[in-house]
S.K.: 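Take a look at this one; I'll ask things after.
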Amino acid sequence: MERIQIAEDLSYSRIIHGLWRLADWKQSKEKTLELVEHNLDKGITTFDHADIYGGYTCEALFGEALSLKPSLREDMEIVTKCGIVLPNKNRPEHKTHHYNTSKAHIIQSVENSLKGLYTDYIDTLLIHRPDPFMDGEQVAEAFTQLKEEGKVRYFGVSNFKDHQWNMLQSYLPFPLVTNQLELSAYNLENFEDGTLNLCQEKRVPPMAWSPLAGGNVFTAQDEKAVRLRDTLTKVKEEIGAEGIDQVMYAWLLNHPAKIMPIVGSGKKERIDGAVESLNMKLNHDQWFEILQSSMGHDVP
Ligand SMILES: NC(=O)c1ccc[n+]([C@@H]2O[C@H](COP(=O)([O-])OP(=O)(O)OC[C@H]3O[C@@H](n4cnc5c(N)ncnc54)[C@H](OP(=O)(O)O)[C@@H]3O)[C@@H](O)[C@H]2O)c1
């Protein structure tokens with residue numbers, strides 16, 4: 001499995017596994033362990049979490065599986081996020097859906113994540129969404145403390161536009177290492193508004209969330225989805241892929257920005273399909289055909 005250098009002493013597997021939907025899979029901790037081991041065997045060593053996933057339950061579901069074989073921790077990189085606050089039965093003190101990037105909230109969230117994930121360090125902590133109430137000094141204090149205590153190795157963001165990235169970075173004594181963005185052939189916003197260019201300018205490899213548009217690309221009946229599905233099917237046949245999911249992954253992987261797709265499926269055969277897409281080459285014609293099919297018109 002190809003690896004992407006994130007920092008001097010940290011690399012991620014090019015294909016990452018996302019655990020947002022882990023609670024939906026309703027599986028035993030033994031089954032989750034089996035899936036984690038399957039991924040590690042395939043070279044997928046990087047796992048993406050957030051405090052809020054599964055209504056604040058997914059980190060602990062993963063941690064319970066890891067507790068069955070704690071030695072696996074050394075073979076993986078754990079990314080998790082904080083900053084979104086959801087009203088939830090597991091957090092009765094939360095009254096409204098809001099953002100909190102205060103020092104106290106970030107530190108408490110990391111303590112909860114460490115406990116849930118059955119680990120004593122997080123490889124990368126991301127601020128989940130840009131917070132209109134963000135105080136760069138507080139975030140810097142929290143990050144510095146967590147780094148000094150050895151609880152978090154590196155820090156990044158998710159869904160940040162360039163001005164939000166630059167604002168936060170200006171307060172930090174060390175560089176942000178990634179920006180986790182919605183990137184897919186179906187959702188082009190970050191390709192079109194300069195956010196992906198920011199990652200390239202900063203030499204920061206982006207993580208791509210919902211690389212299959214959350215599954216919509218297989219089922220949606222809107223004009224754009226139908227058009228894109230037809231083009232993906234055509235390219236699938238040209239390159240000998242098994243499914244249009246592989247063409248969606250290949251479209252991201254063939255882009256020069258070193259995009260790392262986060263696979264959201266819990267099914268081993270679909271995860272394996274994502275790994276196989278690493279070997280699939282798209283030529284310029286095919287790459288632009290998919291782009292234009294999603295845009296609904298030719299490039300100017
Ligand atoms: N930073 C953020 O704001 C943010 C937001 C959203 C997600 N994320 C991260 O990104 C990860 C991936 O997001 P995602 O789950 O939306 O990814 P995705 O891969 O775009 O969508 C996954 C969904 O597509 C379905 N699917 C996959 N292959 C399929 C196929 N061949 N046919 C039909 N359905 C198929 C999956 O169902 P099956 O499980 O049945 O295969 C699953 O429901 C998450 O786990 C999370 O870690 C981050």
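In this chain, residues are counted from 1 in sequence order. Only heavy atoms go into these numbers, but all of them, side chains included; no hydrogens, no water, no symmetry mates. In each ligand, atom 1 is the first atom listed, and ligand 1 is the first ligand listed.
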S.K.: With a cutoff of 4.0 Å, is H128 in contact with ligand 1, counting heavy atoms of the residue only?
M.R.: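 Yes, H128 has a heavy atom closer than 4.0 Å to ligand 1.
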S.K.: Would you call D135 and K103 a salt bridge, taking side-chain N to carboxylate O under 4.0 Å as the test?
M.R.: no
S.K.: Would you call K236-E242 a salt bridge at under 4.0 Å N-O?
M.R.: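 E242 and K236: not salt-bridged.
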S.K.: Which is closest to atom 18 (P) of ligand 1 by heavy-atom distance: L212, I52, I271, I262?
M.R.: L212
S.K.: Under 4.0 Å, counting heavy atoms only: does A213 come that close to any atom of ligand 1?
M.R.: yes
S.K.: To the nearest 0.1 Å, how far is atom 24 (O) of ligand 1 from its closest protein heavy atom, and which atom is that?
M.R.: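 Looking only at protein heavy atoms, the one closest to atom 24 (O) of ligand 1 is G215 CA, 3.3 Å.
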S.K.: Provide the number and element of each atom of ligand 1 under 4.0 Å from a heavy atom of G18.
M.R.: 45 (O), 47 (O)
S.K.: To the nearest 0.1 Å, how far is atom 29 (C) of ligand 1 from its closest protein heavy atom, and which atom is that?
M.R.: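 I find the closest protein heavy atom is F218 CE1, 3.3 Å.
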S.K.: Are any of the N/O atoms on Y249, whether in the backbone or the side chain, positioned under 3.5 angstrom from an N/O atom of ligand 1?
M.R.: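 No, there is no polar N/O contact under 3.5 Å.
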S.K.: Show me which atoms of ligand 1 lie under 4.0 Å from any heavy atom of K81.
M.R.: 1 (N)
S.K.: Among protein heavy atoms, which sits nearest to atom 3 (O) of ligand 1, and what does the distance come to when rounded to 0.1 Å?
M.R.: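 Ranked first by proximity to atom 3 (O) of ligand 1 is N159 ND2, 3.0 Å.
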S.K.: Less than 4.0 Å is my threshold; does some heavy atom of M207 fall inside it relative to ligand 1?
M.R.: no
S.K.: Among K268, M248, Q180, whose heavy atom sits nearest atom 48 (C) of ligand 1?
M.R.: Q180
S.K.: Looking at non-hydrogen atoms alone, which of G264, S158, G214, A50 comes nearest to atom 23 (C) of ligand 1?
M.R.: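 Closest candidate by heavy-atom distance is G214.
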S.K.: In terms of residue, atom name and distance, what is the protein heavy atom nearest to atom 40 (O) of ligand 1?
M.R.: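 Ranked first by proximity to atom 40 (O) of ligand 1 is K267 NZ, 2.5 Å.
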S.K.: Going by the atom numbers of ligand 1, which of them fall below 4.0 Å from some non-hydrogen atom of Y53?
M.R.: 4 (C), 8 (N), 9 (C), 46 (C), 47 (O), 48 (C)
S.K.: Heavy-atom distances under 4.0 Å decide this one: backbone, side chain, both or neither, for R21 against ligand 1?
M.R.: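 Only the side chain of R21 comes within reach of ligand 1.
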S.K.: Heavy-atom contacts with G266 under 4.0 Å: which atoms of ligand 1 show up? List them by number with element.
M.R.: 39 (O)
S.K.: What's the shortest distance from atom 6 (C) of ligand 1 to any protein heavy atom, and which residue and atom give it?
M.R.: W209 CE3, 3.2 Å
S.K.: Where on W20 is there a heavy atom closer than 4.0 Å to ligand 1, on the side chain, on the backbone, on both, or on neither?
M.R.: both
S.K.: How far is atom 37 (O) of ligand 1 from its nearest protein heavy atom, and which residue and atom is that?
M.R.: R270 NH1, 3.7 Å
S.K.: Pull out every atom of ligand 1 sitting under 4.0 Å from any heavy atom of D48, numbered as shown with elements.
M.R.: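 With D48 as reference, the close atoms of ligand 1 come out as 9 (C), 46 (C), 47 (O).
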S.K.: If you have a sec, work out which protein heavy atom is nearest atom 16 (O) of ligand 1 and how many Å separate them, to one decimal?
M.R.: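 It is S210 OG, 2.6 Å.
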S.K.: If the cut-off is 4.0 Å to any non-hydrogen atom of L19, which atoms of ligand 1 fall inside it?
M.R.: 45 (O), 47 (O)
